[in-house]
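Here's the structure we're looking at; comments come further down.
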Amino acid sequence: MTELKTAWKNIVAGALEAYARERGVEAGPDLVSAIVIERPPKAELGDLGFPMFPFAKLLRSAPAQVAAALASKIAADPAAGARGQARAEGPYLNVSLARPGICGATIAAATSPGWGSFGFLAGKKVMIEFSSPNTNKPLHLGHLRNNALGESISRILSAAGAEVRKVNHINDRGVHICKSMLAYQRYGEGRLPADEGLKSDHFVGKYYVMFNKLKEEDPRAEEAAQGLLRRWEAGESEVIELWKRMNGWAIEGIKATYERTDVCFDLYDFESDTYELGRAEVLKGLAAGVFYKEEDGSIWVDLEDAGLDKKVLLRKDGTSLYITQDIGTAIFRHGDWPYDRLIYVVANEQQYHFKVLFEVLKRLGFEWAAELHHLAYGLVNLPSGRMKTREGTVVDADDLMDEISALAAKEIEEKGREGAVGDMAGVAEKIALGALHYYLLQTGPMKDMLYDTEASLSFTGDTGPYIQYMGARASSILRKHEAGEGNAVKGRVRFELLCGDADWNLVKRIAEFPETLEASAKAMEPSLLAGYLHDLAVDFSAWYRDNPVLNNSDADLSASRVELVRAVRATLQAGTRLVCMPFLESM
RNA sequence: GCGCCCGUAGCUCAGCUGGAUAGAGCGACGGACUUCGAAUCCGUAGGUCGCAGGUUCGAUUCCUGUCGGACGCACCA
């Protein structure tokens, strides 16, 4: 489709230049660069549309006249004729593509193994950091959005040909970790997660919440937490022992949630291993004159000429800060695995932090700093407002999955499909994941989104399960065909039979998959693909109603449509995977 | 105060580099299951695209201002 578009752009450019010569106007490069391709609002108007407004002034003729003139020029060009037909539609030049060739090529491509893998990012190494949980509590809905974005973008970029390395930066040190440790020391009495019947990360999270109780009982609890951190930094074996034990629980539980939601990482790095990496780099930068030292010994960078502020990079006592760690980690990672691009999937509250970080790395002279990217995303809010740990309004990831999964199971039961589905719990889980991930990815990342339990747990309409359902329907047709049902087995595939408007519309949609994937990869925007999948599902659903596949009296048409269904299924299969939705043969 | 993001139908959201009557879903109302799965489909109602200027042949899209909301401006992470 992309090649077709550029081919047509060239044809239009040629005709435009010829027309300009006739009018005695010089066709400069800006004339050709003003050509835009759009999709006509109605299928009857053609497949491609070229608005002629920009040329009216230059060519000193009305847009409609230009369109008519170009249409007749193109009609006289046999090379163009092989690719389709152009006609004037008021001020627009609309093109109807030559259908048979495109049908054959599209369906052949879509039913071949490589569908959904492209090469325009081949040779690029992309590192992506996402999730990055704290080890003091379990994952919540906000993490699920982060995970879905990170995992989806990783899949999209690999599908685009890049070599992707997914990194999870575990925040396993700091006062907040010490708080849960302190509360456990006080109230835990040596119990294990199993003793309380809790998933291990929930067990740790419970003690983190209990720190609030501790604070009420002991006004010096905050100080005690700071003290515990100092003892941790001093490496006291008793503290380290407890820290290891509790982190182990937290991470074990968090990993179980990753597995359940089909998210995985190539590399885990731990803040406890990397938090001191940046200090040496800052000192190097000081020596190089990029940074400066205050009288009290703290080290700063002045970014005011870049529209940012001054920023401390090293405390007066020489210890590192959040940003120091990030400086060190980025440099270390590039040395370890020289990436072409590093993407941080982190909430948009931290946009300023990343601006500063990237600017600092640029000033340190790293040419790769230009390829650092903060993928910022908005919060997930509740109708009652922001989720708050203290108020207990945090939507826990595991609980949410349980809830959606139970609802899906109920739905299967109500529809009486337990038998057809087989593994009911497994299928319910996949539907839940499809619903959740589609919900989280259909919205553009920058927008805060509202999570309304009642409204959001729906399986009808513009939802993940709707798309999964269309996949299941397509699969069902193909299953029946494989089993020898229907007329297709007696027919011969002839792609020219799929040139009617209804089939063509669906073929065209399938042909858009590669360009959607490319746009999605370039913009790092899963929502484009999510929207595309919904469009495809809608087109398929309408087509499905009006166009018999297996029980078509024309055996050749039947056989050809089976191939079209195969292409739809392949596209849904490849596409849903990219937005982290399980594909279901049956549901 | 400065910075950044958002503001489209009652609600939740789409709307690609500016382009042909602004799209879905939910909710409301009315239809369609003896044919490939009704988690579906079709139809009706519902919008001064926050507001005001500007650029342009043309602005929901770009610019400026303004109002409203969120977030950020720690020797916390």
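Below, read A as the first sequence line, B as the second, and so on, with proteins coming before strands; counting in each chain starts at 1. Bear in mind the structure is a predicted one, so any value in this text is a computation, not a measurement.
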[X] near the nucleic acid: base, sugar-phosphate alone, or nothing, with a heavy-atom cut-off under 4.0 Å?
X: A:I37; result: base
X: A:P40; result: base
X: A:K57; result: sugar-phosphate
X: A:N94; result: base
X: A:G486; result: nothing
X: A:Q351; result: sugar-phosphate

Atom [atom1] of [X] and atom [atom2] of [N]: how far apart are they, to the nearest Å?
X: A:Q442; N: B:C26; atom1: CD; atom2: C1'; result: 12 Å
X: A:L529; N: B:A14; atom1: CG; atom2: P; result: 15 Å
X: A:K355; N: B:C2; atom1: NZ; atom2: P; result: 15 Å
X: A:K5; N: B:C16; atom1: NZ; atom2: C1'; result: 9 Å
X: A:L450; N: B:A14; atom1: CG; atom2: P; result: 13 Å
X: A:K447; N: B:C6; atom1: NZ; atom2: C1'; result: 8 Å
X: A:R39; N: B:A22; atom1: CZ; atom2: P; result: 18 Å
X: A:E89; N: B:G19; atom1: CD; atom2: P; result: 19 Å

Span that lies between the [atom1] atom of [M] and that of [N], in whole angstrom:
N: B:G18; M: B:C57; atom1: C1'; value: 12 Å
N: B:U40; M: B:G54; atom1: C1'; value: 48 Å
N: B:G25; M: B:U34; atom1: P; value: 25 Å
N: B:A59; M: B:C51; atom1: P; value: 15 Å
N: B:G10; M: B:C75; atom1: P; value: 46 Å
N: B:G31; M: B:G47; atom1: P; value: 24 Å
N: B:C71; M: B:U55; atom1: C1'; value: 31 Å
N: B:A38; M: B:C33; atom1: C1'; value: 6 Å

* Asked: Can A:F53 be said to stack with the base of B:G58, given centres closer than 5.5 angstrom and planes under 30 degrees apart?
  -> no
* Structure fact -> Walking RNA chain B from its 5' end, the first of A:Y439 and A:E525 to be reached, judged by nearest nucleotide, is A:Y439
Test item: side-chain donor near acceptor, [X] and [Y], under 3.5 Å:
X: A:H176; Y: A:N171; value: no
X: A:E429; Y: A:S405; value: yes
X: A:D172; Y: A:T135; value: no
X: A:S96; Y: A:R87; value: yes
X: A:K508; Y: A:N505; value: no

* Flag side-chain contact, heavy atom, 4.5 Å: A:W543 against A:V565 -> yes
If the threshold is 4.0 Å, N to carboxylate O, is there a salt bridge linking [X] and [Y]?
X: A:R509; Y: A:E512; result: yes
X: A:R566; Y: A:E563; result: yes
X: A:E585; Y: A:R569; result: yes

* Count the heavy atoms belonging to other residues, nucleotides or ligands that lie under 6.0 Å from CZ of A:R479, then report whether that count exceeds 12. => yes
* Paired with B:C41 by Watson-Crick or G-U wobble geometry, both distances under 3.5 Å: which nucleotide is it? -> B:G31
* To do: Over 60° means perpendicular and under 30° means parallel, so classify the ring planes of A:F354 and A:Y344, tilted if in between.
  => tilted
* Sugar-phosphate atoms are those with a prime plus P, OP1 and OP2; base atoms are the rest. Using that split, label each nucleotide of nucleotides 36-41 of chain B B, S or - for protein heavy atoms under 4.0 Å, 5' to 3'. => BBSBSS
* Asked: Tell me, for nucleotides 67-77 of chain B in 5' to 3' order, what letter each nucleotide earns: B for a base near a protein heavy atom under 4.0 Å, S for only sugar-phosphate near one, - for neither?
  -> ---SSSS-BSB
* **Whether A:H143 side chain and A:H140 backbone form a donor-acceptor pair below 3.5 Å** => yes
* **Flag, side chain of A:S475 to backbone of A:G471, donor-acceptor distance under 3.5 Å** => yes
* Asked: Do A:Y439 and A:Y451 have ring centroids that are under 6.0 Å from one another?
  -> yes
* Pull out every residue in residues 508-522 of chain A that has a heavy atom closer than 4.0 Å to any atom of RNA chain B, ordered by number, or say none. => none
